[in-house]
There are 2 protein chains.
Amino acid sequence: MTDPVAAVLPLHLSTVDDFSVVDGEPLNGRVYATLRAQLMSGVFEPGEMISIRGLAEKLGTSTMPVREALHRLIADHAIEARANRTIALPIIRRADYLAVCDVRLALEGLAAERAAGHLSPDDLERLERLTAGMRAAAKGNDPHTYLALNKDFHLTIYQLAGNPLLLDLIEKLWVRAGPVMNYLFRHQGLAMQTVTPHEAIIAALRRADGVAARLAVQRDIREATPGIIASLPD
Amino acid sequence: MTDPVAAVLPLHLSTVDDFSVVDGEPLNGRVYATLRAQLMSGVFEPGEMISIRGLAEKLGTSTMPVREALHRLIADHAIEARANRTIALPIIRRADYLAVCDVRLALEGLAAERAAGHLSPDDLERLERLTAGMRAAAKGNDPHTYLALNKDFHLTIYQLAGNPLLLDLIEKLWVRAGPVMNYLFRHQGLAMQTVTPHEAIIAALRRADGVAARLAVQRDIREATPGIIASLPD
DNA sequence: GAGCACAAACTGTGATCACAGGCTAGAGCC
DNA sequence: GGCTCTAGCCTGTGATCACAGTTTGTGCTC
């Protein structure tokens with residue numbers, strides 16, 4: 001969680017020999033964390049089929065850790081086991097995305113409200129920096145960086161809510177929505193994306209105004225919705 | 001979801017030969033569903049250690065389906081893999097339970113609000129019946145039935161919200177809280193439990209008043225909280 | 001040239017085995 | 001009698017193999 005780009009890039013660049021070194025944590029846990037990060041950063045595309053053996057070969061492990069990691073992701077609904085004995089990324093339809101948004105509005109609104117008042121000057125400065133980075137990424141039409149910074153912006157706030165369960169649920173929603181977001185932004189550009197809602201969020205948090213922070217976050221989520229569901233099937 | 005007692009009881013009574021018959025669904029999925037139901041109905045106790053081989057033997061399968069099912073439950077935080085290479089049910093502390101409640105208030109409140117207006121007369125009559133059953137179970141001091149009916153009451157409503165993701169998240173919260181609830185109610189009885197909040201919920205739903213339904217559900221959650229956290233560690 | 005059938009390669013699943021680490025109980029020593 | 005060390009059992013983990021099902025690609029036939 002230091003530099004968002006550095007925290008994401010290495011995962012989808014060098015996926016091979018990260019697992020050669022053995023430390024305490026079991027392999028399946030590291031595979032799970034890696035795949036989670038890769039899903040959020042758009043390494044996989046919606047509908048893409050995932051093969052246990054293929055993934056194991058790419059990661060340099062046997063199939064076992066991958067099997068267990070994939071089953072965790074199935075429980076998260078980040079991937080789905082289809083009837084054909086096939087594992088694939090789900091294809092999000094409009095109704096699915098609206099359902100996700102409905103829950104996001106509730107959970108992320110709550111997290112923002114709880115986070116208000118717990119931000120240090122360093123935190124606020126970090127949010128400013130992330131927003132500036134997003135503005136630059138939008139200008140340079142760099143969807144990958146834009147989304148990574150956006151993710152870091154939101155999760156930085158929610159982390160300060162001090163509710164690990166809440167943060168975990170929100171992260172799982174982002175893992176779930178990651179592939180679609182990356183796919184859409186990569187194919188339709190960042191034309192309409194503005195960062196003005198983020199400035200309102202920062203302003204509310206600076207005033208330690210929980211209700212305003214909740215409303216600002218909800219506005220941020222709502223404003224991004226129409227441009228996304230317009231490109232979804234159904 | 002027909003009769004709550006019948007839907008729960010067989011799972012924790014006959015856990016042996018349910019898996020001898022083979023149908024389409026993979027074994028690991030059935031093990032996962034079974035363990036989820038067992039966690040919710042209080043078959044396991046907080047802090048109890050779970051052995052892969054022991055569970056596999058009890059279920060009459062090999063260790064593989066159990067391993068994958070347990071890893072799904074680990075992703076749900078329904079069970080946890082400890083550092084000692086041990087799998088056990090988490091011990092919920094006060095802060096943990098309050099965190100769960102905070103999320104429950106948001107998610108179940110939202111679900112109740114969304115469900116209002118989607119209830120048929122049959123649904124309302126079903127809720128009345130479940131509440132009556134709870135009242136009887138409280139009088140007879142039957143915690144298991146009480147909790148099963150309470151679960152069914154709430155999930156029946158949330159199911160009618162028409163948001164599968166929301167329902168899934170809420171169910172996972174209940175799976176997570178199941179062991180503690182059953183343990184506490186079994187050891188401290190149902191003395192203080194009333195069903196008056198449920199009547200308020202039904203009344204609001206009958207009027208198709210979403211906001212009132214949300215508030216009534218939140219009141220139901222809040223009223224049960226003090227009696228529970230008083231018995232939790234920390 | 002187009003359509004069908006067969007075969008090969010792929011899929012996830014389940015089972016079994018080996019292994020390193022942790023826990024416990026028992027035996028030996030002080 | 002109490003403490004310590006050790007041996008054995010149990011834990012999850014990782015790897016490998018067999019199998020049934022699906023999909024795909026190729027070759028043959030019409």
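To find a chain, count down the sequence lines: A is the first, B the second, and so on, and within it residues start at 1. Keep in mind that what you see is a predicted model, and the values were worked out from it rather than measured.
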Side-chain ion pair, Asp168(A) and Lys172(A), N-O less than 4.0 Å: yes
Side chains of His154(B) and Asp220(B): any donor to acceptor distance under 3.5 Å? yes
Tell me the side chain to side chain donor-acceptor pair (under 3.5 Å) pairs involving residues 85-103 of chain A, sequence neighbours left out? Asp102(A)-Arg114(B)
Are a donor atom and an acceptor atom from the side chains of Arg72(B) and Asn28(B) found within less than 3.5 Å of each other? yes
OP1 or OP2 of dG21(C) sitting under 4.0 Å from any side-chain N/O of Asn84(B)? no
Produce a footprint string for nucleotides 11-20 of chain C: one letter per nucleotide, 5' end first; B if the base is under 4.0 Å from any protein heavy atom, S if only the sugar-phosphate is, - if neither. BBBBBB-B-B
Taking Glu171(A) first and then Lys151(A), would you say they form a salt bridge - that is, a charged N and a carboxylate O separated by under 4.0 Å? no
